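Everything below concerns the one structure shown next.
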Amino acid sequence: MENTDKVNAMDKEIDFGWFIPTMGDTSRIGDDSATTPPSLELFTHIARTAEDAGFTYLLVPVMPECHEAYISCAMVSAQTSKIDMLVAARAGFIAPPVMAKMLSTFDQLSGGRLRVNLITGGDSDEMAADGMFYNHDERYDVLTETVEILKDAWTRDEPFDVDGTYFTARGVNVQPKPVQKPHPPFYLGGMSPAARELCATHADVHLFWGDSPANIATNVQDMTARAAAKGRTLDFGMRLQVIVRETEEEAWAAAENLISYASEEHKESVKGRWSESKANDRMKELAQADGHMVAENLWSGIATVRHGAGIAIVGNPEQVAGKIGEFVDAGCSSFCLSGYPHAEEAERFGRLVMPLLRARFPVKGAGSSPEEPLQPTTPALTLAPSLP
């Protein structure tokens, strides 16, 4: 009997996403003179560069210092032609039937270029500032109930009522339905028991933050078993930074330069952010690694100056492609990447690394002509003749 214990992502298309820093960009963290302020011009430049480089989706962050994610995604989507937007669904602030309509409208008007990022927020202080006072596990309960309502709103043809723990609604009948059937894919990151349970039950893609390929393989096996127990399958991805240069020496010099200006005060402030996040706790742990080396060409230096995903693949094109291959071998088929400054790093990755990956793996979006976007299912608008 074939051994199916090891998850093999090599039979799937490998999918590459990029990141838009809606808090502004920089070439040296902590150096005001190296900073580019946030603007639609910046976001669009990064998005189009990533699109041209072969990336197929864009992640937009949700933090107090960032522009609002849903509006940013909608504005950027209108400035691009084929790249998807990974749109944040932050539960508890918008009634789920309204959120369902917002997201399905986005899917319709973008031609099916929507993916949904399920998030609960980094910590209670940030949530309280926005008017939410649920604790960590309660926020996952709210998100679970929200996802259940979203799925019903997108797949049920008849009006229905909601009598949940957190939400009540009568005669829900969301129009339009999404272009993608049965609904746009759900992405989720998180390592707490509550996050793992929600992911196993509802997510399509589980995004891990950076760690050694061996540890990621262990987590893939765990989440595969959890999903299988519910009669489901999952795809897996990595949320990673990347620093690629023509030579390894140039890459390490760029890495050290990136964090060289960060003050001790800045580093201490990073340690205090997202204190309730198990995934961020792991970033803080990896930041203490000797020389910030998590594994060969896998560096945690960014985690000392940035909360959230702070593990970077650093090296020449062959080394970066090789490390991504190790994560593919661990079971991952989606890679949500970022690097500083974001347009320049996306261009370098597309030029130097993408050809190596396409020679080794089936890469989504590769080929001479991109797939046409899905067509909206709502009737075409007919304009009245102009009056004289």
Side-chain angles (χ1 to χ4, degrees), residues 17-31 34-35 59-66 86 117 119 121-123 126 187 189-192 195 206-213 215-216 219 237-244 251-315 320 323-324 326-327 332 334-342 345-346 349:
W18 196 247
F19 179 84
I20 298 179
T22 57
M23 73 294 285
D25 208 354
T26 186
S27 59
R28 188 182 299 111
I29 295 170
D31 182 356
T35 298
L59 171 66
V60 169
V62 178
M63 294 182 290
E65 60 267 35
C66 296
L86 182 52
N117 187 24
I119 60 174
D123 59 41
E126 287 187 8
Y187 285 61
M191 295 308 298
S192 69
H206 188 100
L207 278 178
F208 300 108
W209 288 354
D211 209 319
S212 69
N215 285 340
I216 294 301
N219 285 326
M238 296 298 304
R239 174 72 185 95
L240 290 161
Q241 304 285 337
V242 63
I243 302 172
V244 61
W252 283 114
E256 295 298 338
N257 180 64
L258 178 63
I259 67 171
S260 63
Y261 211 84
S263 66
E264 290 305 314
E265 182 181 4
H266 177 97
K267 294 177 182 179
E268 286 300 316
S269 71
V270 168
K271 292 178 182 178
R273 295 286 297 270
W274 291 3
S275 58
E276 298 171 17
S277 167
K278 296 298 183 184
N280 200 58
D281 285 348
R282 179 59 177 162
M283 293 298 98
K284 295 176 185 178
E285 180 183 343
L286 293 174
Q288 304 304 313
D290 186 26
H292 304 313
M293 295 304 299
V294 177
E296 188 175 8
N297 298 107
L298 203 60
W299 183 66
S300 64
I302 295 174
T304 66
V305 299
R306 178 198 192 277
H307 61 289
I311 308 303
I313 303 176
V314 182
V320 171
K323 187 58 64 176
I324 288 173
E326 291 181 35
F327 287 114
C332 295
S334 184
F335 293 86
C336 186
L337 306 176
S338 55
Y340 299 87
H342 286 73
E345 197 66 52
F349 188 92

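Only heavy atoms go into these numbers, but all of them, side chains included; no hydrogens, no water, no symmetry mates. It should be emphasised that the depicted structure is a prediction, and the values quoted were computed from it without experimental measurement.
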query = Considering only heavy atoms from C-beta outward, does the side chain of N219 approach that of H206 to under 4.5 Å?
reply = no

query = What heavy-atom pair brings R239 and W209 nearest, and what distance separates the two atoms?
reply = CB-CD1, 3.6 Å

ask   = Which word best sums up how the rings of H342 and Y340 line up, parallel for under 30°, tilted for 30 to 60°, or perpendicular for over 60°?
value = perpendicular

request  = Please round to the nearest 0.5 Å and tell me the distance separating atom CH2 of W18 and atom CG of L86.
outcome  = 15.0 Å

Shortest non-hydrogen contact between V320 and G315, atoms and distance = CG2-O, 3.7 Å

request  = Working to the nearest 0.5 Å, report the span between CD1 of I20 and CG of L59.
outcome  = 9.0 Å

For the student: nearest non-hydrogen atoms of S27 and P341, plus distance = CB-CG, 3.8 Å

inquiry  = Treating E126 as the side-chain partner and M63 as the backbone partner, does any N or O pair qualify as donor plus acceptor under 3.5 Å?
reply    = no

inquiry  = Main chain of V314, side chain of K323: is a donor-acceptor contact present, judged purely on distance under 3.5 Å?
reply    = no

inquiry  = How close do V294 and S212 get, counting heavy atoms only, and between which atoms?
reply    = CG1-N, 3.8 Å

query = Could you give the distance from CZ (F349) to CD1 (I243), rounded to the nearest 0.5 Å?
reply = 13.0 Å

key: Between OG1 on residue T304 and CH2 on residue W299, distance to nearest 0.5 Å   = 7.0 Å

message = With rounding to the nearest 0.5 angstrom, report the OG to OH distance, S334 to Y187.
response = 4.5 Å

query = Can you check side-chain contact (heavy atoms from CB on, under 4.5 Å) on L298 and I311, steps first, answer last?
reply = CA-CA 7 Å; L298 203 60; I311 308 303; 3.7 Å; yes

request  = May I ask you to test the I29-L258 pair for a side-chain heavy-atom distance under 4.5 Å?
outcome  = yes

message = Would you compute the distance between atom OG of S338 and atom CD1 of I302 and round it to the nearest 0.5 angstrom?
response = 7.5 Å

task = Please examine the side chains of F327 and L240, heavy atoms only from C-beta on, and report whether any two atoms are closer than 4.5 Å.
result = yes

key: Q241 vs F19, side-chain contact (heavy atoms from CB on, under 4.5 Å): CA-CA, chis, key distance, verdict   = CA-CA 10 Å; Q241 304 285 337; F19 179 84; over 6 Å; no

